[in-house]
Q: 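Would you mind keeping the following structure in view while I ask a few things?
For clarity, every value in this text was computed on a predicted model and none was experimentally measured.
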Amino acid sequence: QVQLVESGGGSVEAGGSLRLSCLSSERIYSINDMSWYRQAPGKERELVAAIRSGSSTYYADAVKGRFTISRDNFKNMLYLQMNNMKPEDTAMYYCAAANRYWGKGSLVTVSS
């Protein structure tokens with residue numbers, strides 16, 4: 001079973017940047033879909049960004065132009081570069097593999 005561990009979360013001021021990382025216990029080159037989700041208190045979990053093995057990407061409208069998802073199959077890593085962050089980006093961020101395996105989450109807090 002794939003185990004995922006997120007890192008890089010923390011607190012940042014509005015307009016700042018953070019980079020989230022996700023390390024997989026298994027090789028990810030055979031996993032087509034890798035993605036980042038987030039969930040704020042009292043809200044439903046939402047898909048933030050996704051990337052396939054062919055490097056095609058998807059972004060939620062709320063983060064387009066600000067966030068960039070990438071993957072390194074050799075290092076078994078998934079990344080989410082978050083720029084020009086807004087307070088509404090505050091949430092627990094989760095790494096997902098094949099929409100089946102999930103990390104425990106990394107908290108991101110953006111202050112005004």
Q: CG/L18 to CD/Q81 distance, rounded to the nearest 0.5 angstrom?
A: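 With rounding to 0.5 Å, CG (L18) is 8.5 Å from CD (Q81).
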Q: According to the salt bridge (Lys or Arg N to Asp or Glu O under 4.0 Å) rule, which pairs have a member within residues 6-17, sequence neighbours left out?
A: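 As it turns out, there is no salt bridge (Lys or Arg N to Asp or Glu O under 4.0 Å) pair with a partner in residues 6-17 once direct neighbours are skipped.
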Q: Could you list all the disulfide bond (SG atoms under 2.5 Å apart) pairs where at least one residue sits in residues 25-83, not counting sequence neighbours?
A: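 As it turns out, there is no disulfide bond (SG atoms under 2.5 Å apart) pair with a partner in residues 25-83 once direct neighbours are skipped.
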Q: Using a 4.5 Å cut-off on heavy atoms from C-beta on, say whether the side chain of V48 contacts that of M82.
A: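 M82 vs V48: side chains apart.
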Q: Under the ring-ring contact (aromatic ring centres under 6.0 Å, His included) definition, can you give me all pairs with a residue in residues 38-58, not counting sequence neighbours?
A: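 Of all non-adjacent pairs touching residues 38-58, none passes ring-ring contact (aromatic ring centres under 6.0 Å, His included).
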Q: Under a 4.5 Å side-chain heavy-atom rule over Ile, Leu, Val, Met, Phe, Trp and Tyr, are L80 and Y37 clustered together?
A: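 Different clusters: L80 never reaches Y37 through Ile, Leu, Val, Met, Phe, Trp or Tyr contacts under 4.5 Å.
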Q: Find the distance between OG (S70) and CE (M34) and round it off to the nearest 0.5 Å.
A: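 Output value for this atom pair is 11.0 Å.
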Q: Please answer: with hydrophobic residues joined when any side-chain heavy atoms are less than 4.5 Å apart, are M92 and V5 in the same cluster?
A: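 M92 does not cluster with V5.
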Q: With Y59, which residues qualify under ring-ring contact (aromatic ring centres under 6.0 Å, His included), at least two apart?
A: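 Once residues adjacent in sequence are excluded, Y59 has no partner under the ring-ring contact (aromatic ring centres under 6.0 Å, His included) criterion.
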Q: Applying side chain to side chain contact (heavy atoms under 4.5 Å, CB included), can you list everything that pairs with A14, at least two apart in sequence or on another chain?
A: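 Once residues adjacent in sequence are excluded, the partners of A14 under the side chain to side chain contact (heavy atoms under 4.5 Å, CB included) criterion are P87, V110.
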Q: Can you list everything that forms a side chain to side chain contact (heavy atoms under 4.5 Å, CB included) with Q39? Sequence neighbours excluded, please.
A: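 Only R45, Y94 meet the side chain to side chain contact (heavy atoms under 4.5 Å, CB included) criterion with Q39.
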Q: Which residue pairs pass the side chain to side chain donor-acceptor pair (under 3.5 Å) test when at least one of the two sits in residues 102-112, sequence neighbours left out?
A: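 Listed by first then second residue: nothing to list.
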Q: Which pairs count as salt bridge (Lys or Arg N to Asp or Glu O under 4.0 Å) when at least one residue sits in residues 66-78, sequence neighbours excluded?
A: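 Qualifying pairs: R66-D89.
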Q: Could you grab the distance from atom OG of S35 to atom CG of L78, nearest 0.5 Å is fine?
A: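 The distance works out to 7.5 Å.
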Q: Taking all heavy atoms of A97 and all of I31, pick out the closest pair and write down the distance.
A: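 Scanning both residues, the minimum pair turns out to be CB-CD1, 4.2 Å.
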Q: Going by the rule side chain to side chain contact (heavy atoms under 4.5 Å, CB included), which residues pair with S24 if we only count those two or more places apart in sequence or in a different chain?
A: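 Per chain and number, S24 pairs via side chain to side chain contact (heavy atoms under 4.5 Å, CB included) with V2, L4, E26, I28, N76.
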Q: So do the side chains of I51 and W36 get within less than 4.5 Å of each other, counting heavy atoms only?
A: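 Not in contact.
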Q: K43: which residues meet the salt bridge (Lys or Arg N to Asp or Glu O under 4.0 Å) condition with it, sequence neighbours left out?
A: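 For K43, no residue satisfies salt bridge (Lys or Arg N to Asp or Glu O under 4.0 Å) once neighbours in sequence are set aside.
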Q: Mind checking what makes side chain to side chain contact (heavy atoms under 4.5 Å, CB included) contact with S21, not counting sequence neighbours?
A: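 Residues passing side chain to side chain contact (heavy atoms under 4.5 Å, CB included) with S21: S7, M77, Y79.
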Q: Using salt bridge (Lys or Arg N to Asp or Glu O under 4.0 Å) as the criterion, list what pairs up with R27, not counting sequence neighbours.
A: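 Applying salt bridge (Lys or Arg N to Asp or Glu O under 4.0 Å) to R27 gives none.
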Q: Run the side chain to side chain contact (heavy atoms under 4.5 Å, CB included) test on R38 and V63 for me, step by step, so that the C-alpha distance in whole Å, both residues' side-chain angles and the decisive distance to 0.1 Å come before the verdict.
A: CA-CA 12 Å; R38 69 184 182 187; V63 306; 4.0 Å; yes
Q: Taking atom CD as the centre, does Q3 end up with more than 12 heavy-atom neighbours from other residues, nucleotides or ligands that are less than 6.0 angstrom away?
A: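 Counting neighbours around CD of Q3, 12 or fewer heavy atoms of other residues, nucleotides or ligands fall under 6.0 Å, so no.
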